[in-house]
Amino acid sequence: VLSGLLGIPKLGEIDWNLFGHFLHPVIADVGHDTHGHHASVLTEVILMAVSVAVAIAGILIARSIWKGRGLAGGEEWAGKQPAVHNLLLNKYYVDELYDKTVVSGTWGTARSLFRFDASFIDGFLVMGSRHFTVASSLISGFFDKYVVDGLVNLTGWILKIWSRFLRTLQTGLVSQYALVVAIGVFALVCFYVVFRVV
């Protein structure tokens, strides 16, 4: 109330707007239109008069409804106007509207994002990468153990078997080598004679 009385605009030559001058350093000047002109004094006086008239009318209406009866008058009025009473009692249902729109929307969005994170990010990407890595490592291990190491071990096994056979042929005794050479020469002569005759 006091700041409103201290904020009366300039009327004539006297500038009554003490509160406006006090707040001028910290509040932007919004009392100008696009061309930088102030509203006329008559317009400001009319707006002030209308505001005061609305306030006085509200006081008079409230006084006529309650008629000085206090809470009893309020209860009587609530019985006559239940819809208006409920609207005012529930603060114009702003909290309910906010709960149904902003709060519910936020919770719905949060649940959707949680499901997306749990199913796609954690489920498909993270666990999918884990399953792919485990499967590829199993395949790689199998290939390394049975193909790469298997070929190496097979080569070693073949050489081991052949080395046993070849060790029996290489005894280091010259007489055995001479016998083998004699058998070989005899086999060649026989081969030559047989195919020569044919």
Side-chain angles (χ1 to χ4, degrees), residues 1-4 7 19-36 39 47 51 54-55 58 71 74-75 77-174 176-177 179-181 183-184 187-188 191:
V1 173
L2 295 177
S3 63
F19 192 67
H21 292 304
F22 173 72
L23 293 178
H24 183 70
V26 295
I27 295 181
D29 190 10
V30 294
H32 297 71
D33 61 11
T34 56
H35 301 293
L47 290 174
S51 299
V54 168
L71 292 177
E75 291 173 0
W77 182 82
K80 292 179 183 177
Q81 301 289 335
V84 177
H85 175 71
N86 286 332
L87 181 68
L88 296 174
L89 182 66
N90 291 296
K91 303 175 293 284
Y92 301 100
Y93 296 98
V94 172
D95 292 339
E96 288 79 3
L97 181 64
Y98 185 81
D99 186 56
K100 294 292 182 187
T101 56
V102 177
V103 175
S104 297
T106 303
W107 276 110
T109 304
R111 280 190 290 271
S112 299
L113 291 174
F114 171 76
R115 281 193 288 273
F116 176 77
D117 179 62
S119 62
F120 183 74
I121 302 295
D122 291 341
F124 178 73
L125 293 181
V126 175
M127 294 306 292
S129 299
R130 179 254 180 207
H131 294 322
F132 176 76
T133 304
V134 169
S136 62
S137 66
L138 290 174
I139 293 170
S140 176
F142 178 84
F143 181 80
D144 181 62
K145 183 176 181 180
Y146 294 103
V147 177
V148 176
D149 292 345
L151 288 175
V152 172
N153 294 334
L154 177 64
T155 305
W157 180 78
I158 291 172
L159 290 175
K160 182 179 178 182
I161 296 299
W162 275 100
S163 68
R164 286 180 183 170
F165 174 72
L166 293 175
R167 271 199 310 258
T168 59
L169 297 178
Q170 288 188 341
T171 61
L173 299 174
V174 177
Q176 284 184 351
Y177 296 154
L179 177 64
V180 170
V181 169
I183 293 172
L188 285 174
F191 180 80

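Keep in mind it's a predicted model, so treat the numbers as computed, not measured.
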Please report, to 0.1 Å, the donor-acceptor pairs under 3.5 Å made by any side chain of residues 140-148, with sequence neighbours excluded.
none

Are the side chains of D95 and D99 in touch, meaning some heavy atoms are under 4.5 Å apart? no
Please report the interatomic distance CD1(I183) to CG(L188), rounded to the nearest 0.5 Å. 12.5 Å
Mark yes when over 12 heavy atoms from residues, nucleotides or ligands other than Y177 sit less than 6.0 Å from its OH; otherwise mark no. yes
Could you list the residues that satisfy side chain to side chain contact (heavy atoms under 4.5 Å, CB included) with I139, not counting sequence neighbours? none
Please tabulate, for side-chain N and O atoms in residues 110-128, each donor-acceptor pair with protein atoms closer than 3.5 Å (sequence neighbours left out).
{"unit_1": "S112", "atom_1": "OG", "unit_2": "G108", "atom_2": "O", "d": "3.0"}
{"unit_1": "S119", "atom_1": "OG", "unit_2": "R115", "atom_2": "O", "d": "2.7"}

Looking at CG of L97 and OH of Y93, how far apart are the two atoms once the value is rounded to the nearest 0.5 Å? 12.0 Å
Mind checking the NE2-CG spacing from H85 to N90? Nearest 0.5 Å is all I need. 8.5 Å
Please give me the minimum heavy-atom distance between S129 and T133, naming the atom from each residue. O-OG1, 2.7 Å
